[in-house]
Amino acid sequence: MATTSPRPDRRAAVVDGRMAHEVRESLGGDPPSLPSKYFYDETGMRLFEQITTLPEYYLTRTEQALLEQEADGIVDRVRPHELVEIGSGASPKLRLLLDAMQRAALLRSCTLLDINAGALQRAAHALAALYPGLQTRRVVADFQEGFGGLGPGGDRLLCFLGSTLGNFHPSQVPGFLRNMRAQLLPGDGLLLGLDLVKDVGRLEAAYNDAAGVTARFNLNLLQVMNDRLEADFDLEAFEHVAFFDEEHAWIEMRVRARHATRARIPAAQLEMTLDAGDFIRTELSCKFTRASLERQLRGTGLRLDAWLTDAESLFALALLRPSSLSGCWPLT
Ligand code: AVJ
């Protein structure tokens with residue numbers, strides 16, 4: 001695949017310059033990739049909702065069932081007054097934790113942190129209606145850039161569910177966990193939802209559903225580039241690919257050229273030429289084991305306090321707690 005840089009286009013002024021820069025960097029990488037956070041425009045959110053109900057996509061329903069079973073126990077261990085959700089919505093999963101806090105007479109406030117201000121507003125309003133007297137707080141932020149906007153912790157349960165941590169390259173995970181640790185005080189908790197390494201057939205089926213919803217979700221990323229960066233990807237020229245890479249323990253998704261095709265992304269000052277079979281990586285979805293998580297916790301100031309899995313060991317909730325007092329005070 002060849003990329004060249006045509007002259008800057010004047011229309012670039014109306015697009016998100018930061019996004020254009022990220023896309024330029026990631027398409028120039030090896031392998032060329034696109035940032036997965038851009039999957040979630042209105043169409044992408046709708047398609048992802050649909051994915052969560054597919055028979056092959058066990059993740060969401062398994063995590064939900066685990067939370068139903070474990071929420072009271074988790075809340076009892078941490079005894080938080082504030083629930084913070086990273087990358088959030090007024091999801092049924094969040095409500096299971098809020099309900100458990102309410103039953104324990106601990107619930108005071110809920111903070112939602114997300115990159116999408118509109119989605120945050122809808123979620124905060126929904127929560128305020130469901131939990132009268134609940135203090136809700138919204139923080140509009142890209143969680144990949146840290147959590148400074150949260151402010152100091154204490155009696156806090158931070159949660160990062162849905163195996164979203166799996167979207168990070170493994171080399172980024174310890175730094176990201178340290179950033180989360182910086183928002184916690186001793187006694188606080190961090191709850192992670194993690195998809196687990198398992199039978200390859202089961203994993204690959206979850207990302208290659210028979211109804212083709214994941215394929216549409218994947219190709220929609222090119223549509224997002226067309227819409228937001230004035231690119232001209234020919235969606236018909238690409239096909240969905242997803243497979244489990246056993247060496248890295250991740251599902252990799254790609255869009256692969258069915259035949260030779262070109263795309264201009266004026267806002268990113270890029271012109272791409274792809275031959276048949278050339279691909280763009282669109283997502284990593286890392287799969288964990290208890291041991292792989294524990295390795296990634298080293299040096300983060302977090303320790304594993306509870307590891308909760310379903311009967312089939314498909315998915316896990318990992319409750320992490322601050323492990324040391326020194327050198328880990330929140331950055332203010
Ligand atoms: C929302 C990032 C957890 O990796 O399983 C679903 C996204 N990608 N199908 C995942 C996704 C393809 C999902 N996460």
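Atoms within a ligand are numbered from 1 in the order they appear, just like the ligands themselves. Residue numbers count from 1 along this sequence.
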Taking Lys37 first and then Glu283, would you say they form a salt bridge - that is, a charged N and a carboxylate O separated by under 4.0 Å?
no

Ring of Phe238, cation from Arg256 - is the NZ or CZ under 6.0 Å from the centre and inside 45° of the axis?
no

How about Asn220 and Phe39: do any of their side-chain heavy atoms sit closer than 4.5 Å?
no

Please check if any side-chain donor atom of Tyr131 sits under 3.5 Å from a side-chain acceptor atom of Asp99, or the reverse.
yes

Classify the angle between the aromatic ring planes of Phe176 and Phe160 as parallel (below 30°), tilted (30 to 60°) or perpendicular (above 60°).
tilted

List, for ligand 1, each N/O atom that has a protein N/O partner under 3.5 Å away, with both atom names and the distance.
from     : atom 1 : to     : atom 2 : distance (Å)
ligand 1 : 4 (O)  : Ser285 : OG     : 2.7
ligand 1 : 5 (O)  : Tyr57  : OH     : 2.5
ligand 1 : 5 (O)  : Tyr207 : OH     : 2.5
ligand 1 : 8 (N)  : Glu283 : OE1    : 2.6

Name all pairs fulfilling the salt bridge (charged side-chain N to carboxylate O under 4.0 Å, His left out) condition that reach into residues 183-199, sequence neighbours left out, sorted by first residue then second.
Asp195-Lys198, Asp195-Lys287

